[in-house]
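Read through the structure below, which is laid out as structure tokens, and then see the notes.
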There are 2 protein chains.
Amino acid sequence: MSRWSPNSRGRLEQAAYELFLGQGYEQTTVADIAKRAGLTERTFFRHYADKREVLFGGSAALQDQLLRELDRLPSTLPTIEAVRIAVEAIASLLHGRRALARERQRIVAAHADLQERELIKRATLTAALAQALQRRGVPEPAASLAADMGIGVFYVGFGHWLTDPADRELVEIVHEGFDQLKAVASGI
Amino acid sequence: MSRWSPNSRGRLEQAAYELFLGQGYEQTTVADIAKRAGLTERTFFRHYADKREVLFGGSAALQDQLLRELDRLPSTLPTIEAVRIAVEAIASLLHGRRALARERQRIVAAHADLQERELIKRATLTAALAQALQRRGVPEPAASLAADMGIGVFYVGFGHWLTDPADRELVEIVHEGFDQLKAVASGI
DNA sequence: ATGTTCATGTCAGTTACTGTCATCACATGG
DNA sequence: CCATGTGATGACAGTAACTGACATGAACAT
């Protein structure tokens, strides 16, 4: 058997969530998190570049899925349709995780430095999408605009998904978001 | 005469710029900055919430000017025109400071944590503008959209201003940016 | 067997940031 | 002219985020 318990990264993430929710983000030290995960502080920083990053482990998966989905699509598709399908793919990734997402949102909303991190993740995602669209042959500035709109629709929908009392699925909300976007853009 | 030399905040800012440019942002400690300004580290943190903030002293002035200019304008003006005039007002605030802005940009571009701060400043500015527009009677989501567009035009123009070899004034660039925005929005 | 790799531990160090109290020029009011 | 704030700064100790360097030992390859 292995020298160390498996999935140390996941254990760190889980420990962090438990402590952040139980005693607050600021009141939780990295040493606390590591201890609860049965590891040392030094090892935490081998898995996460800094304390905030433990709350953003999912964004890499999101970006991967977005780009992979885009690659699967025929390049004959209109740009906005390709973006819609790719964004809906990452929306479906969050299926059944609304409670978790809400808890995470509560933590992030309460701390300015976490919001900073969220903004740069969004900017990175947008830039990656814009670049992928350019690789598909979409010229500038259409690629950047389409990326902005697509990620914008995703985040707006995400906010609704978290706060709306009705529990519609995020994919649905995002789908309708694109309908509305088209309506606004065509001046209806 | 006064017990302390005047303008300690300004001295801290100047010292910070000199050191950041001379020996790099990371290599410069807050103690270094304070010492060069003839103050102590503790006093630095009384003027700036953290080390990064010393590079963002101007954004408060920007926001003030933006909102003040907007208040001066008659509410009969179309929303986009009001936004244009207010944004052009803050663009004129940077007149003659291009060299300084370029140096600052070089520092910010090289450090992810500074970019995070820049993004949240932009988001704050956008939110403040959207709120001011709502106070003028602009309904949602038009207020938020107009704010996004206005600040977007400003930042895109700012980027061109810094990188373009031709030295057109920022106000001009921003003015034309709004023209282009209108053209794109009306489907030309 | 033997060497290598790789995730982790250990430990010492730096630096950003905070709380608390002292100091003392200046203003203000009597 | 004296007493009494007030406000910006200094002094100092402390916490916690983050880093560099080296050690360890199970797993794995040869």
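Below, each value reflects all heavy atoms present in this structure, side chains not excepted, and no hydrogens, waters or symmetry copies. In what follows, chains are A, B, ... by sequence order, proteins preceding strands, each numbered from 1.
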Between N or O atoms, less than 3.5 Å apart, protein on one side and nucleotides 22-25 of chain D on the other: list the pairs.
| unit_1 | atom_1 | unit_2 | atom_2 | d |
| --- | --- | --- | --- | --- |
| D:dT24 | O2 | A:Arg3 | NH1 | 3.4 |
| D:dG25 | O4' | A:Arg3 | NH1 | 2.8 |
| D:dG25 | O4' | A:Arg3 | NH2 | 2.8 |
| D:dG25 | N3 | A:Arg3 | NH1 | 2.9 |

Original post:
Parallel under 30°, tilted from 30 to 60°, perpendicular over 60°: which one fits the rings of A:Tyr25 and A:His111?
Top reply: tilted

**OP:** Please work out which residues in residues 5-27 of chain A have a non-hydrogen atom less than 4.0 Å from an atom of DNA chain D and list them by number.
**Re:** none

Original post:
With the 4.5 Å side-chain cut-off for hydrophobic clustering, are A:Val30 and A:Ile107 part of the same group?
Top reply: yes

Original post:
Hey, can you pull the residues of residues 107-115 of chain A with a non-hydrogen atom under 4.0 angstrom from DNA chain D?
Top reply: none

**OP:** Round to a whole Å and report the spacing from CD of A:Glu53 to P of D:dC18.
**Re:** 10 Å

Original post:
Whole Å only: how far is the CZ atom of B:Phe45 from the P atom of C:dT15?
Top reply: 12 Å

Original post:
Same hydrophobic cluster for A:Val171 and A:Leu181, using side-chain heavy-atom links shorter than 4.5 Å among ILVMFWY?
Top reply: no

Subject >> Residue-level proximity of residues 31-43 of chain A to DNA chain D when a heavy atom falls under 4.0 Å >> reply: A:Glu41, A:Arg42

Subject >> Parallel, tilted or perpendicular: ring planes of B:Phe44 versus B:Tyr48, cut at 30 and 60 degrees >> reply: tilted

Original post:
Heavy atoms, side chains only, cut-off 4.5 Å: are A:Asp50 and A:Glu53 in contact?
Top reply: yes

Please list every donor-acceptor pair under 3.5 Å in which a side-chain atom of residues 82-90 of chain A meets a protein atom from a residue at least two apart or in another chain.
| unit_1 | atom_1 | unit_2 | atom_2 | d |
| --- | --- | --- | --- | --- |
| A:Arg84 | NH2 | A:His175 | O | 3.0 |
| A:Arg84 | NH2 | A:Asp179 | OD1 | 2.6 |
| A:Glu88 | OE2 | A:His175 | ND1 | 2.7 |

Original post:
Going by heavy atoms in the side chains, are A:Phe178 and A:Met149 under 4.5 Å from each other?
Top reply: no

Original post:
Is A:His47 near enough to C:dT8 that one of its side-chain N or O atoms lies under 4.0 angstrom from OP1 or OP2?
Top reply: yes

Original post:
Salt bridge or not for A:Glu169 and A:Arg98, using N-O below 4.0 Å?
Top reply: no

**OP:** Verify the distance criterion only: is there a donor paired with an acceptor across the side chains of B:Arg11 and B:Gln14 at less than 3.5 Å?
**Re:** no

**OP:** Assign the ring pair B:Phe154 / B:Phe158 to parallel, tilted or perpendicular, where the plane angle (0 to 90°) is split at 30° and 60°.
**Re:** parallel

**OP:** May I ask you to check whether A:Arg102 and A:Gln105 show a side-chain donor-acceptor distance below 3.5 Å?
**Re:** no

Subject >> Side-chain touch B:Val108/B:Gln115, heavy atoms, less than 4.5 angstrom >> reply: yes

**OP:** List in chain and number order the residues that pass ring-ring contact (aromatic ring centres under 6.0 Å, His included) with B:His160, two or more places apart in sequence or in another chain; answer none if no residue qualifies.
**Re:** none

